[in-house]
Number of protein chains: 2
Amino acid sequence: MGDAMDAILEQWARERPDLDTWAMGVNGRLARLRHRLQQANRDFYAEHGLENHEFDMLATLRRSGAPHRLTPGALLKASMVTSGAITNRIDKLEAKGLVERVREAADRRSVFIRLTPRGLELIDGLMGPHVENVSRLLSALPPERREEFDASLRILLESLDDTSIH
Amino acid sequence: MGDAMDAILEQWARERPDLDTWAMGVNGRLARLRHRLQQANRDFYAEHGLENHEFDMLATLRRSGAPHRLTPGALLKASMVTSGAITNRIDKLEAKGLVERVREAADRRSVFIRLTPRGLELIDGLMGPHVENVSRLLSALPPERREEFDASLRILLESLDDTSIH
DNA sequence: TGATGATATCTCAACGTTGAGATTATCAAG
DNA sequence: CTTGATAATCTCAACGTTGAGATATCATCA
């Protein structure tokens, strides 16, 4: 059979046989796979009234543990967007009543973004179905390949300095 | 050592030990890896005055073979964005003199987007360095792992119906 | 105490994408 | 021919992100 990238690499082989295709293929497949997964995740989140990034932010707060609050700065580092986007996203989630801004006396430059009871309940109820959904999306990979695949991804990420969430 | 995703999965293991983490890990690593690669590619393209998507469109036209022209519809299908974005991108590349709109008598609903001589020269000169750059970015993956890694990506893409560029 | 630099968050103009609809052209059927 | 359906491209308002700068607070030290 072959995927879309096979067809693309065939074109390159015809037009520019001097180019080595392995890296191009992996680069393209990673882009396409990420895109497909993101679309599929978006469909799932939409069933529950959430945007992709809204789910991400709620999940980040949830996995930080009680009392389920982080500063915008911490949320920024945990994300892959810039500060303006974080402010905007917090605004939207606050308007939905899923998080709230809490100022503490300690350092008044800072704000805590805290899951509301509703936000906590929502994300806690969604994590199980989300994991099931992602598992289903990746279920085509034979079990005996899974460990090596994940390990390869980790090797690449470590080499690109993706080594910390702090 | 461990990558950023290891730290995230550790948090989940502490907070929600009931969740199976393999699929979440792969999903997150694919997102992060794609993001890192896209950033690195962007830096490379920027050295040559191109945006990420501009390089993509020029490369799509180049690999289609002489006479290096495709309709906006074909460029749309080859991309992962919507029609408004395609029109906008063509406008920008046309303003830079790298592609031109050509109407043919055959079907006047259609337009061909054709690489100009400058556009062809630019993308042809860039493909070699681009492949070198991507190869370097992926060089941490041991050679004996590469074939299986690529094959696993293909398995996943085929299962998600990413099977055609037409 | 006051000055200086660092830190945390927010602001906002510029820009790109989305996606439904408008426009124009072609094709098929009667 | 007309009519209606289909097709290809473009338009544009709504929206989100970027990224530099503004604002406010804190820390340090003379």
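Basis for what follows: all heavy atoms, side chains included, without hydrogens, waters or symmetry-related copies. Every chain is numbered from 1, with letters handed out A, B, ... down the list of sequences.
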* Structure fact -> Checking C/dT18, C/dT9, D/dT9 against the side chain of B/Pro72 (C-beta onward), the nearest is D/dT9
Between [atom2] of [N] and [atom1] of [X], the distance in whole Å:
X: A/Leu76; N: C/dA8; atom1: CG; atom2: P; answer: 11 Å
X: A/Glu54; N: D/dC15; atom1: CD; atom2: P; answer: 14 Å
X: A/Asp91; N: C/dC12; atom1: CG; atom2: C1'; answer: 13 Å
X: B/Lys77; N: D/dT9; atom1: NZ; atom2: P; answer: 9 Å
X: A/Asn88; N: D/dA14; atom1: CG; atom2: P; answer: 17 Å

[X]/[Y] ion pair, N-O < 4.0 Å:
X: B/Arg16; Y: A/Asp124; value: yes
X: A/Glu104; Y: A/Arg69; value: yes
X: B/Arg101; Y: B/Glu94; value: yes
X: A/Asp91; Y: A/Lys96; value: no

* OP1 or OP2 of D/dC15 under 4.0 Å from side-chain N/O of A/Lys92 ->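 The answer is no; no side-chain N or O of A/Lys92 sits under 4.0 Å from OP1 or OP2.
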Would you mind classifying the nucleic acid contact of [X] as base, sugar-phosphate or nothing, using non-hydrogen atoms under 4.0 angstrom?
X: A/Ser110; value: sugar-phosphate
X: B/Arg103; value: nothing
X: B/Gly84; value: base
X: A/Thr87; value: base

Please list each protein N or O that sits under 3.5 Å from an N or O in nucleotides 21-26 of chain C, with the distance.
unit_1	atom_1	unit_2	atom_2	d
C/dT26	OP1	B/Arg108	N	3.1

* Stepwise ring-ring contact (aromatic ring centres under 6.0 Å, His included) check, A/His130 with A/Tyr45 -> CA-CA 8 Å; A/His130 165 66; A/Tyr45 302 140; 5.7 Å; yes
* To do: By nearest nucleotide on DNA chain C, pick out whichever of A/Arg42 and A/Arg101 is the more 5' one.
  =>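 Nearer the 5' end of the strand: A/Arg101.
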